[in-house]
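As structure tokens, the structure follows; a few thoughts come after it.
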Number of protein chains: 2
Amino acid sequence: MGAMGKAGTRGAEVGAVAVTRPDQILDIAARQFRTKGYAAVSMRDIATEAGMRTPSLYYHFPSKDDLVMAVMDRGITVVRAAVMAALEDLPAEATVAVRLETAMRAHLHALHGASDYTSANVRIFGQLPEALRRANMPERRAYQAIWSRLLAPTCTALPEALPARVALVIGALNATLEWVDPARIALEPLAEQVTSVLLRGVLSEVAA
Amino acid sequence: MGAMGKAGTRGAEVGAVAVTRPDQILDIAARQFRTKGYAAVSMRDIATEAGMRTPSLYYHFPSKDDLVMAVMDRGITVVRAAVMAALEDLPAEATVAVRLETAMRAHLHALHGASDYTSANVRIFGQLPEALRRANMPERRAYQAIWSRLLAPTCTALPEALPARVALVIGALNATLEWVDPARIALEPLAEQVTSVLLRGVLSEVAA
DNA sequence: GTCTATAGGGAGATAGAC
DNA sequence: GTCTATCTCCCTATAGAC
């Protein structure tokens, strides 16, 4: 971990190891939220795994709400960055189908393994009090905008159906977290399945 | 409340009004779980809406776990009955595509309005402690078996992909609950969207 | 930055009267 | 069947010493 700027530099980028204390705590919180759900994780649980007592957490985060919101927002930031990076690696002439499959695979990869933040977000979003859910909506809408642009060419005949289509695709990708028992279905066959079915379903009006 | 058989007669069938006290309580619990989530609903909340004090609930249900499991199991029972009934109303010659669309619409209908039990099940399943989730799995597997049979003809080229396909379809249908803001997307356009995309995606190897 | 001690509240659940 | 009263536990969060 070399020279780091001072303004806005965070220790935990995608795939990097957390270096600041708040980032270590967030990593722990994200992993616990991902596996146990929101209500089942207490400040005490997080503190214990971080090797400290509960009140020490409040030096780093003013409340559990603040802590969970930091996890939630980063969860979307991370998957958005991953999807955008994957898209930018494509040649400019890439077809709609290729761009869609690339985005789907990047999203699935973030969800299943690459980011505890993203999986925590998807897993606990529905468990949060309404105020916290609303606080995460700006991030979510910014991410949905990417999919809106990706899917718009598949929806030219009925443009008003685009929001539903965006919700369907993201929802189907996210649903793999909840309905897939990792012990029974491996990730790669699932990714094949999901991308091929969704692509075929969505591409009917687009030339390959 | 008129004459009731003694063995196994329940007041709350699909679309019927609850007549027994336990069923009234379950109706209330299902609706609260559906809207507020699992941890956010206390025994006191349920008791209050039922017009009683907390301890009185324990006369009807020995614990919160028992109560929530009754809601969970009925949630699957109800949607399974609805889907099977819809399929049985079809002519025997109905195509795979028609049978699939019928099942999808019946599932979406149970989820969005017809049954607080089914929507509560889908909404809170991921919020339950692992033991309770496991307790609901037999019901869920029985329901998945219906979809396994429905989807098997779409999967003849790669039969080992069938479990993933079942998970994908059910997951995509269920995801409409979480990602769809009813204020922004109406149910019928969504149902159109979901059934058409999923059908096209799934039917590539089947003759219409 | 981390600690001990504790406040203050709400949860699930039980005892026992009526 | 429903009540009042209460137990016990665990949660978030604060006060203040070190």
Side-chain angles (χ1 to χ4, degrees), chain A residues 6 9-12 18-33 35-72 120 124 127-133 135, chain B residues 1 4 6 9-12 18-33 35-72 120 124 127-133 135:
Chain A
K6 35 193 165 194
T9 302
R10 312 306 303 256
V19 288
T20 71
R21 202 78 169 104
D23 278 334
Q24 291 171 1
I25 292 168
L26 285 180
D27 282 2
I28 290 165
R31 188 156 28 79
Q32 293 202 12
F33 285 136
T35 52
K36 298 196 284 185
Y38 171 65
V41 174
S42 66
M43 294 295 268
R44 190 168 190 242
D45 294 329
I46 298 168
T48 299
E49 193 178 331
M52 58 176 67
R53 306 288 186 163
T54 314
S56 308
L57 271 188
Y58 288 85
Y59 174 82
H60 301 284
F61 297 92
S63 71
K64 188 183 181 183
D65 285 359
D66 284 85
L67 202 164
V68 75
M69 280 312 302
V71 170
M72 292 297 285
I124 74 178
Q127 309 181 20
L128 299 180
E130 218 248 327
L132 296 185
R133 251 179 292 160
Chain B
M1 25 193 122
M4 300 197 345
K6 35 197 161 180
T9 303
R10 312 307 301 256
V19 288
T20 73
R21 202 81 170 101
D23 278 333
Q24 290 170 3
I25 292 168
L26 285 180
D27 283 2
I28 291 164
R31 188 156 28 81
Q32 293 202 12
F33 284 136
T35 53
K36 297 197 284 186
Y38 171 64
V41 174
S42 66
M43 293 296 269
R44 189 165 191 249
D45 294 330
I46 298 167
T48 299
E49 193 179 331
M52 58 176 67
R53 307 285 187 167
T54 313
S56 307
L57 271 188
Y58 288 85
Y59 173 81
H60 301 284
F61 296 92
S63 71
K64 187 183 183 183
D65 284 0
D66 285 85
L67 201 163
V68 75
M69 281 311 303
V71 170
M72 293 297 287
I124 73 178
Q127 309 180 20
L128 299 181
E130 218 247 329
L132 297 185
R133 250 178 293 162

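The chains referred to below are lettered A, B, ... by the order of the sequence lines, with proteins before strands, and numbering in each begins at 1.
- Distance CE (M69(B)) to P (dG12(C)): 17 Å, rounded to an integer number of Å.
- The main-chain N or O of L128(A) is found under 3.5 Å from a side-chain atom of R133(A) such that the two form a donor-acceptor pair.
- Whole-Å rounding puts the D45(A) CG to dC11(D) C1' distance at 11 Å.
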Determine whether T48(A) and D45(A) satisfy the following criterion, side chain to side chain donor-acceptor pair (under 3.5 Å), listing intermediate values before the conclusion.
CA-CA 5 Å; T48(A) 299; D45(A) 294 329; 5.8 Å; no

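- The shortest distance between side-chain heavy atoms of Y58(B) and M43(B) falls below 4.5 Å.
- Rounded to whole Å, the distance from CD1 on I46(B) to P on dT2(D) is 15 Å.
- Across dC11(D), dT2(C), dG12(C), the shortest atom-to-atom separation from the side chain of S42(B) is found for dG12(C).
- Remark: R21(A) CZ to H60(A) NE2 distance equals 5.5 Å, nearest 0.5 Å.
- Looking at residues 48-64 of chain A, you'll see M52(A), R53(A), P55(A), S56(A), Y59(A), H60(A) sit with a heavy atom under 4.0 Å from some atom of DNA chain C.
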Quick one, I28(B) with I25(B), criterion side chain to side chain contact (heavy atoms under 4.5 Å, CB included). Give me CA distance, side-chain angles, the key distance, then yes/no.
CA-CA 5 Å; I28(B) 291 164; I25(B) 292 168; 5.7 Å; no

Pairwise N/O distances under 3.5 Å, protein to nucleotides 7-9 of chain C:
none

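- Following rounding to the nearest Å, M43(A) (CE) and dT6(C) (P) show an atom-to-atom distance of 22 Å.
- Going from atom CG of D27(B) over to atom CD1 of I46(B) covers 12.0 Å, rounded to the nearest 0.5 Å.
- Two residues are said to be in side-chain contact when any heavy atoms from C-beta on lie closer than 4.5 Å; I124(B) and V68(B) meet this criterion.
- Side-chain atoms of Q127(A) come within 3.5 Å of backbone N or O of Y38(A) as a donor-acceptor pair.
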